[in-house]
Amino acid sequence: MTTETATRHIGKSISRVDGLEKTTGELKYLSDLLLENSCHGKVLRAAHPHARITRIDTAKAEALPGVVCVLTHRHVRGLNRFGIAQPDMPVLCEDKVRYVGDAVALVAAETEEIAKDALALIEVGYDVLPVVDDPERALEPGAPPVHAKGNLLHENGVAKGDVARGFAESDVVIGHRFRTQMYAHAFLEIEAGTAIHDEKTGVITVWCAGQYPYRDQLQIARALGWDPEKVHVIASPIGGAFGGKDEITIQIYLALLALHTQGRPVRLQLTREESMEAGTKRHPFIIDFKAGAAKDGTFKALEVEMVSDAGAYATLSGPVMNLAIEGASGPYLWPHTKIHGRAAYTNNGFSGAFRGFGTTQSCYAGEQIFDMIAGQLGMDPIDLRLKNALRRGDISAMNHEIWTSVGIRETLLVAKESRLWRERHARRGEFAPPLFYGVGVASEFQATGLGKGIPDFAGSHCDLEAGGTVVVRVGGIEMGTGVMTAYCQMAAEALGLGMEQVRIVAGDTEETPDSGTTTASRSIYMIGNAVTRAAKALRKVLEAFVAEHWGDGHTLEPGGVFRRDGVSLGLAQIAQRAASLGTRLRGEGHFVHPEADKDFGDGLPHIMYSYCTQVASVIVDAETGEVRVDEVLSIPDAGRAINPQGIEGQSDGGVVMGASYALLEEVLMKGGRFVNANFTNYTLPTAVDCPRRIDTVIVEVPEPTHEWGAKGIGETVTVPICPAICNAVYDAIGIRFFEIPITPERLTAALDANPECKAMRAMRGVGLA
Amino acid sequence: MLSSIPITFTLNGQRRTVEAPPEQCAGDLLRDGLGLTGTKLDCREGECGSCTVIFNGEPACSCLMTAAQLEGAEVITVEGVGAPGTPHAVQRGFVLEGAVQCGHCIPGMIVSAVSLLERNPAPSEDEIRYAIAGNICRCTGYAKIVSAIQRAAEILAGEQAPAAVR
């Protein structure tokens with residue numbers, strides 16, 4: 001770790017390397033690609049959320065002029081399944097459909113319109129089955145099975161001490177049931193891509209946004225029954241993902257179609273509704289959360305029981321529930337815990353990875369319970385959290401030692417000293433009924449990396465290339481978070497170069513090494529370490545090459561100039577010599593994630609966490625039921641900030657996404673069908689709806705196992721804001737919401753049902769009620 | 001689709017005639033027909049604003065227009081605003097303020113912002129927020145986009161200052 005030395009790039013708010021390309025429209029996304037002579041693909045989706053397929057007849061579709069091919073499960077020659085954690089999702093359904101996004105057939109045609117017309121000509125016979133649309137009922141005996149093995153997809157739990165004793169020793173015990181909604185990623189770039197089968201080389205190339213090109217390659221090859229080497233995946237850049245492009249989206253469809261278009265390229269672009277209905281969502285959860293504390297605020301016992309609605313297929317529902325379990329304790333010390341969760345199959349779409357990854361749900365419940373405990377004890381909510389905050393070396397709620405950096409206390413101290421928190425009582429007087437002002441706080445710790453027992457590695461290559469440019473190759477992708485700029489900063493710093501001397505190549509199974517997934521807040525930490533190590537290795541390679549060809553005694557100066565006795569030797573000159581000799585000047589860097597000393601299966605637990613505290617003020621209008629978030633203070637622990645401007649951007653966006661989770665967005669389903677699957681009725685926050693002021697204060701508690709002390713914050717900044725807003729609403733009007741989003745309808749109904757709450761009394765006090 | 005007809009319009013300052021089916025989505029014509037892929041189609045129903053172009057001087061969703069409507073019109077896409085070597089003040093403002101993340105909403109945002117600053121060179125924060133209320137961004141929380149447009153207004157004011165002195 002080199003945190004104390006002066007740096008040229010690390011810790012600086014350097015403009016994004018892709019900024020100009022993106023603002024001018026120059027950057028080509030993979031969905032922008034339209035190769036000459038392309039055919040156009042379309043997907044036939046299930047007509048019912050749950051049904052047996054009795055027959056599929058494609059004859060009429062095949063006969064339609066302009067149709068190039070019509071494919072069904074019969075064309076899937078390898079495993080007709082995909083799925084990251086367990087492959088249970090059919091590529092093309094053969095005997096049963098389990099949600100309305102299930103794919104039954106594919107068409108390629110001369111135009112998109114012909115392909116669409118052909119879909120209507122495919123005849124599929126169905127025997128409709130009863131729809132399973134409630135995760136608790138799905139787990140009851142006798143529930144119609146979504147899969148032959150039953151509806152229990154995943155079950156896991158952790159325990160420490162004796163919760164019965166812990167609750168007996170508590171002076172205050174509070175428990176409640178919470179519900180969270182289904183929530184859409186709503187990334188702007190709809191799933192779209194192109195594939196081509198080179199009949200000479202036998203290679204299929206797939207250009208399609210995905211968060212892990214090497215795993216996409218494996219899943220495609222497995223479905224085709226091919227050698228992965230014959231599948232070339234290009235997955236970066238991505239116009240937004242948030243976890244929603246972690247699982248396979250359309251990559252296998254593209255590859256299958258490309259095999260049946262006689263070498264012509266095939267393009268497939270989903271519609272927004274199709275993307276909403278067929279793609280991953282954030283799990284709805286039902287959470288029974290109970291906690292006990294002593295009079296002085298010391299946490300004594302925690303008991304949590306959760307059920308998630310996984311929808312029709314597994315994807316990452318198991319690991320998501322595991323992170324909900326891990327996150328339930330919050331960043332606090334607990335002597336006695338019992339945390340258990342189950343994920344249930346239903347016919348409600350399918351849920352999987354989403355920024356926050358399960359911790360979003362358990363943190364929303366827990367941080368409200370902790371606030372209720374503070375209220376009952378008459379304690380300042382921040383003091384209660386500080387009293388129990390984890391320290392490095394503490395034993396977690398899962399009974400494992402957290403020996404990595406822990407910055408929660410530092411984030412809480414910033415919150416406690418902030419103007420927003422100090423003036424929270426004073427500002428109330430500025431508002432008169434029907435307006436009520438309130439301030440809330442919440443904290444989170446987000447497990448980062450893939451967790452115990454899951455291979456978690458990253459590789460990077462750093463090459464000196466023609467003209468003296470250093471090219472950094474990573475298998476990770478750029479989905480907007482700014483990691484490519486950070487990698488550039490790290491490589492330039494390690495080599496003493498300017499930012500303009502370094503270029504990144506990313507996310508391509510032929511051009512870049514495997515760096516693992518771009519998920520789990522792992523990129524800055526994992527890939528950043530690999531990039532830095534590769535750059536340091538290249539530095540050694542260059543020094544040796546210069547010594548060999550120009551003699552000893554050179555020193556490498558900033559800007560990449562080797563100097564001896566006043567004579568300088570530039571990188572371009574070195575690259576030229578290497579090229580003439582056929583020598584590749586490459587540094588390789590690898591990093592493997594450290595692991596916890598306990599193993600509860602499927603990645604549980606983790607050993608590293610990012611920490612964040614957020615404070616929000618709200619103005620509640622008791623007449624209209626609207627909640628306006630007035631101001632937010634977001635305090636992530638970044639280990640060490642590589643690019644503060646990038647972290648602020650993540651924090652701003654995370655806050656607005658989390659605030660929308662608390663107040664606005666919900667995917668509505670009825671009998672397994674989507675009610676609001678487009679942007680007209682799935683409402684997203686605009687520049688007018690979102691908080692006007694978001695301040696980010698970055699706390700830096702360096703992580704010793706990172707080359708620069710850094711760790712990821714992409715997820716943690718989006719999680720505590722939701723319970724912070726719920727706590728602020730309680731502070732404003734005296735009503736707790738155990739179900740989100742807190743829509744105007746829910747809020748006015750709650751006011752009517754609680755005539756004795758703070759707001760209703762105040763309204764009567766001024767003669768309004 | 002109907003058969004193609006010639007459509008003549010001014011695109012990024014150049015008069016062009018293209019052959020296209022009259023009912024084709026104007027956004028598709030720009031992207032697939034003319035290769036101007038800066039314009040994005042992220043909802044195709046006028047909700048997200050990623051496809052915003054300047055149409056006869058006003059910001060408009062190209063996804064809600066047909067190719068036939070382009071006849072005789074003047075259209076400016078993000079490519080017509082500026083290029084990497086010659087960026088517009090709004091594009092520079094976005095880069096300097098860190099207002100870009102995934103970037104898919106950005107072309108539409110840039111076009112809306114350029115159009116706003118042409119109408120109102122010194123907008124208030126509220127005026128900026130309302131001017132981009134038709135452009136959805138899922139990454140940034142809009143904070144740095146608002147600062148970027150303020151910054152662009154300052155850059156433009158600075159560029160115009162010497163002229164005013166003369």
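Quick note on labels: first sequence line is chain A, next is B, and so on, each numbered from 1.
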Using a 4.5 Å cut-off on heavy atoms from C-beta on, say whether the side chain of A:R272 contacts that of B:D42. yes

Just checking heavy atoms, which of residues 105-126 of chain B are less than 4.5 Å from chain A? B:C105, B:I106, B:P107, B:I110, B:E125, B:D126

Starting at CD of B:E97, measure out to CD of A:Q645 and round the result to the nearest 0.5 Å. 7.0 Å

Find the distance between CD (B:Q91) and CG (A:L20) and round it off to the nearest 0.5 Å. 7.5 Å

Are there residues of residues 73-88 of chain B whose heavy atoms fall under 4.5 Å of chain A's heavy atoms? If so, which? B:V78, B:E79, B:G82, B:A83, B:P84, B:P87

To the closest 0.5 Å, what do you measure between SG (B:C102) and CZ (A:F242)? 6.0 Å

Taking it one step at a time, do B:R129 and A:C690 satisfy side-chain contact (heavy atoms from CB on, under 4.5 Å)? CA-CA 10 Å; B:R129 286 184 180 268; A:C690 66; 3.6 Å; yes

Please determine whether the number of non-hydrogen atoms from other residues, nucleotides or ligands lying under 6.0 Å from atom NZ of A:K116 exceeds 12. no

Distance from B:L41 atom CG to A:E189 atom CD, nearest 0.5 Å? 12.0 Å

Part of A:P691 lying under 4.5 Å from any heavy atom of chain B: backbone

Could you look at A:L27 and say if it's the side chain, the backbone, both or neither that has a heavy atom under 4.5 Å from chain B? backbone

How about residues 46-69 of chain B versus chain A: which residues have heavy atoms under 4.5 Å apart? B:E47, B:C48, B:S50

Contact check, side chains of A:R16 and B:Q101, non-hydrogen atoms, under 4.5 Å: yes

Could you tell me which non-hydrogen atom of A:T23 sits nearest to which non-hydrogen atom of B:F94, and how far apart they are? CG2-CB, 3.6 Å

Okay, B:L36 and chain A: the region with an atom under 4.5 Å from a heavy atom over there is neither

As an exercise, state the distance from CD of A:Q269 to CG of B:D28, rounded to the nearest 0.5 Å. 7.0 Å

Which members of residues 130-146 of chain B, sorted by number, sit under 4.5 angstrom from chain A on a heavy-atom basis? B:Y130, B:I132, B:A133, B:I136, B:C137, B:R138, B:C139, B:T140, B:G141, B:Y142, B:A143, B:K144

Return the option, out of A:A687, A:G480, A:G25, A:G653, with the maximum number of heavy-atom pairs under 4.5 Å with chain B. A:A687

Among the options A:L34, A:T686, A:D18, pick out the one with the most heavy-atom pairs lying under 4.5 Å from chain B. A:T686

Rounded to the nearest 0.5 Å, how far apart are OG1 of A:T271 and CD of B:E45? 9.5 Å

